[in-house]
Protein chains: 2
Amino acid sequence: MDQDLARPREFDEGVALEAAMQRFWADGYASTSVRDLGDAMGLGQASVYNAFGDKRTLFTQCLDRYLDANMRSRIARVESTLPPRQAIEAFLSEIVERSMESRLGCLLANAALEVAPHDTDIADVVAERMAELESFFRRCVIAGRKDGSISPDADPADAAQLFLTTVMGLRVLARGYPKRAVLEGAVRQALSVLGKPRRKPNPSTRT
Amino acid sequence: MDQDLARPREFDEGVALEAAMQRFWADGYASTSVRDLGDAMGLGQASVYNAFGDKRTLFTQCLDRYLDANMRSRIARVESTLPPRQAIEAFLSEIVERSMESRLGCLLANAALEVAPHDTDIADVVAERMAELESFFRRCVIAGRKDGSISPDADPADAAQLFLTTVMGLRVLARGYPKRAVLEGAVRQALSVLGKPRRKPNPSTRT
DNA sequence: GATGTTTTATAGCGTCCGCTTCAATACAAC
DNA sequence: GTTGTATTGAAGCGGACGCTATAAAACATC
């Protein structure tokens with residue numbers, strides 16, 4: 001591709017991708033033109049196509065970037081620093097906070113509704129990542145039942161599916177019904193399915 | 001407008017609106033052109049503009065039609081024919097069934113994500129209807145607590161907010177992660193917040 | 001049948017779309 | 001400094017966009 005014997009890029013790929021992602025996130029796939037993206041990135045169209053391929057390819061890169069920065073890294077952070085029940089609580093609470101801050105919702109949810117039905121490749125990515133989120137919740141519920149912070153009455157599969165659904169629902173409300181009390185009430189009630197802990201979570205269970 | 005002294009319409013407005021609604025529902029606002037809508041309705045562009053105004057106005061009419069046919073009428077039906085707890089259960093179960101049948105999701109949710117952020121009028125409609133759905137659930141929870149079918153431990157406001165969030169989440173999953181087991185698990189877990197009934201619901205409580 | 005009004009089909013307006021071409025440019029290698 | 005390659009800005013491709021202007025067509029009224 002670039003074989004170090006030529007004119008170097010005048011921009012940082014990461015910064016540019018971030019700017020493009022923000023535009024897709026705010027305006028959606030169809031409503032964002034390649035000219036818009038170029039403006040946001042500070043690039044001409046030729047540079048956009050040269051560096052990132054066509055519009056669809058650029059979108060997949062933005063989606064990947066979004067998911068790494070806003071989902072996987074968050075999962076990894078809460079799962080590695082908090083006991084399981086608190087990991088779930090923190091994850092959902094953060095979504096409420098972010099939703100009230102920006103009202104952008106979630107690029108994954110936006111992509112699921114707007115793009116996935118007409119693009120099987122993106123549909124596959126969307127489904128994979130939702131499965132990833134679901135299994136994060138399921139791991140937490142299982143671990144929480146083991147350490148006593150989550151009631152053994154809670155079914156890990158069902159609870160994980162409810163949390164996944166709740167996350168997506170919150171993101172829709174963020175754009176269409178952005179009332180803090182509603183989001184907080186939904187999260188409070190969703191978390192209630194975890195029941196009362198048998199004993200305090202043991203911090204040494206996880207590092 | 002039409003003062004009965006002229007050439008009559010060659011089409012049925014309701015049928016045409018229904019066809020347009022289906023297109024918006026399937027493809028989204030931005031990705032559906034007025035030519036597409038005309039084709040789906042069997043009309044030329046001139047007729048579309050003459051009968052329904054511009055694209056945005058047509059969309060609002062489609063959204064209204066969708067909400068009347070797919071939300072309000074459903075609320076009215078389950079609320080008038082079922083006791084409160086079963087009304088909630090039926091409403092959510094129907095959404096799962098519809099989601100597995102068509103995978104179109106919900107035009108209200110689609111509009112909330114794609115259109116509402118850039119159109120305050122539509123944002124108002126979206127928020128109103130979500131509030132309507134929320135209060136339907138709240139009414140049911142309150143009535144169910146009264147007739148004993150729903151545990152008094154369930155907070156009506158929180159539960160209604162969770163159900164609203166769940167509905168929107170289910171619609172996202174319908175498009176992005178359409179697995180029956182996931183939707184059913186989420187609904188099962190959401191319904192669990194209603195607790196065990198103190199006594200069987202009394203069918204004579206409602207007509 | 002003549003008149004008046006609305007709907008219809010056709011054509012076209014200006015604009016923006018995704019994407020490409022192309023020459024000028026900037027750098028590494030030698 | 002020359003050469004070779006990748007990047008850049010400018011211009012433009014064909015086509016689709018939302019919307020409208022126009023005139024023929026279809027009916028109720030008289």
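In what follows, every chain begins at residue 1, and chains take the letters A, B, ... in the order their sequences are listed.
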Q: Of the nucleotides C/dT6, D/dC27, C/dG18, which has the atom closest to the B/Ala6 side chain?
A: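 So the nucleotide nearest the side chain must be C/dT6.
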Q: Give the nucleotide from the list D/dG18, C/dT10, D/dT8 with an atom nearest to the side chain of B/Ala46.
A: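 Given the options D/dG18, C/dT10, D/dT8, the side chain of B/Ala46 is closest to C/dT10.
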Q: For A/Pro8 and B/Ala30, take the nucleotide of DNA chain D holding the closest heavy atom to each; which residue's nucleotide lies nearer the 5' end?
A: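 Its nearest nucleotide lies further toward 5', so the answer is A/Pro8.
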Q: Give the ring-plane orientation class for A/Phe11 versus A/Phe52, where under 30° counts as parallel, over 60° as perpendicular and anything between as tilted.
A: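 Aromatic pair A/Phe11/A/Phe52 classed tilted.
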Q: Taking CZ from A/Phe11 and C1' from D/dT8, how many angstroms apart are they, rounded to a whole number?
A: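 To the nearest whole Å, that distance equals 10 Å.
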Q: Toward the 5' end of DNA chain D, which comes first, A/Gly44 or B/Gln45, by nearest nucleotide?
A: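 Taking each residue's closest nucleotide, the earlier one in sequence belongs to A/Gly44.
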Q: Using only side-chain N and O atoms of B/Ser33, determine if any of them is under 4.0 Å from OP1 or OP2 of D/dA16.
A: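 Answer no for this pair, as no side-chain N or O of B/Ser33 is under 4.0 Å from OP1 or OP2.
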Q: Given side chain to side chain contact (heavy atoms under 4.5 Å, CB included), test A/Leu173 with A/Lys179 step by step and report yes or no.
A: CA-CA 8 Å; A/Leu173 296 194; A/Lys179 298 188 184 301; over 6 Å; no
Q: Check A/Glu94 with A/Arg98, please: is the shortest side-chain N to carboxylate O separation under 4.0 Å?
A: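 No, no charged N to carboxylate O under 4.0 Å.
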Q: B/Arg23 CZ to D/dG18 P: how many Å, rounded?
A: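 Whole-Å distance recorded here is 12 Å.
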Q: Below the 4.0 Å mark, does D/dT7 have OP1 or OP2 next to a side-chain nitrogen or oxygen of A/Ser47?
A: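 For D/dT7, OP1/OP2 do not have a side-chain N/O of A/Ser47 under 4.0 Å.
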Q: Looking at every strand, decide which applies to A/Ser31 at a 4.0 Å heavy-atom threshold: base, sugar-phosphate, or nothing.
A: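 No contact at all - A/Ser31 keeps every heavy atom at 4.0 Å or more from the nucleic acid.
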Q: Calculate the interatomic distance between A/Asn50 atom CG and C/dT20 atom C1'; express it in whole Å.
A: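 For the pair A/Asn50 CG and C/dT20 C1', the rounded distance is 12 Å.
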Q: Output the rounded distance in Å from CG (B/Asp39) to C1' (C/dA9).
A: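 Distance, rounded to whole Å: 14 Å.
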Q: With a cut-off of less than 4.0 Å, is there a side-chain N or O of B/Arg7 near OP1 or OP2 of C/dT8?
A: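 No.
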Q: For the pair A/Phe136 and A/Phe91, name the ring-plane relationship: parallel under 30°, tilted 30 to 60°, perpendicular over 60°.
A: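 Geometry flag for A/Phe91 against A/Phe136: tilted rings.
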Q: Between atom CZ in A/Arg9 and atom C1' in C/dC27, what is the gap in whole Å?
A: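 A/Arg9 atom CZ is separated from C/dC27 atom C1' by 14 Å.
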Q: Rounded off to whole Å, could you give me the CG-to-C1' distance for the B/Leu37 and D/dA16 pair?
A: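 It works out to 14 Å between those atoms.
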Q: Tell me which of B/Glu10 and B/Arg35 sits closer to the 5' end of DNA chain C, going by the nucleotide each one is nearest to.
A: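 In this pair, the answer is B/Glu10.
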Q: In whole angstrom, give the distance that lies between atom CD of A/Glu13 and atom C1' of D/dT7.
A: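 Rounded to the whole Å, the gap is 12 Å.
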Q: Please state how far atom CZ in B/Phe52 lies from atom C1' in C/dT8, giving the value in whole angstrom units.
A: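 In whole Å, C/dT8 C1' and B/Phe52 CZ are 14 Å from each other.
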Q: Is B/Asp155 salt-bridged to A/Arg188, going by a charged N under 4.0 Å from an acidic O?
A: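 The answer is no: the pair does not qualify as a salt bridge.
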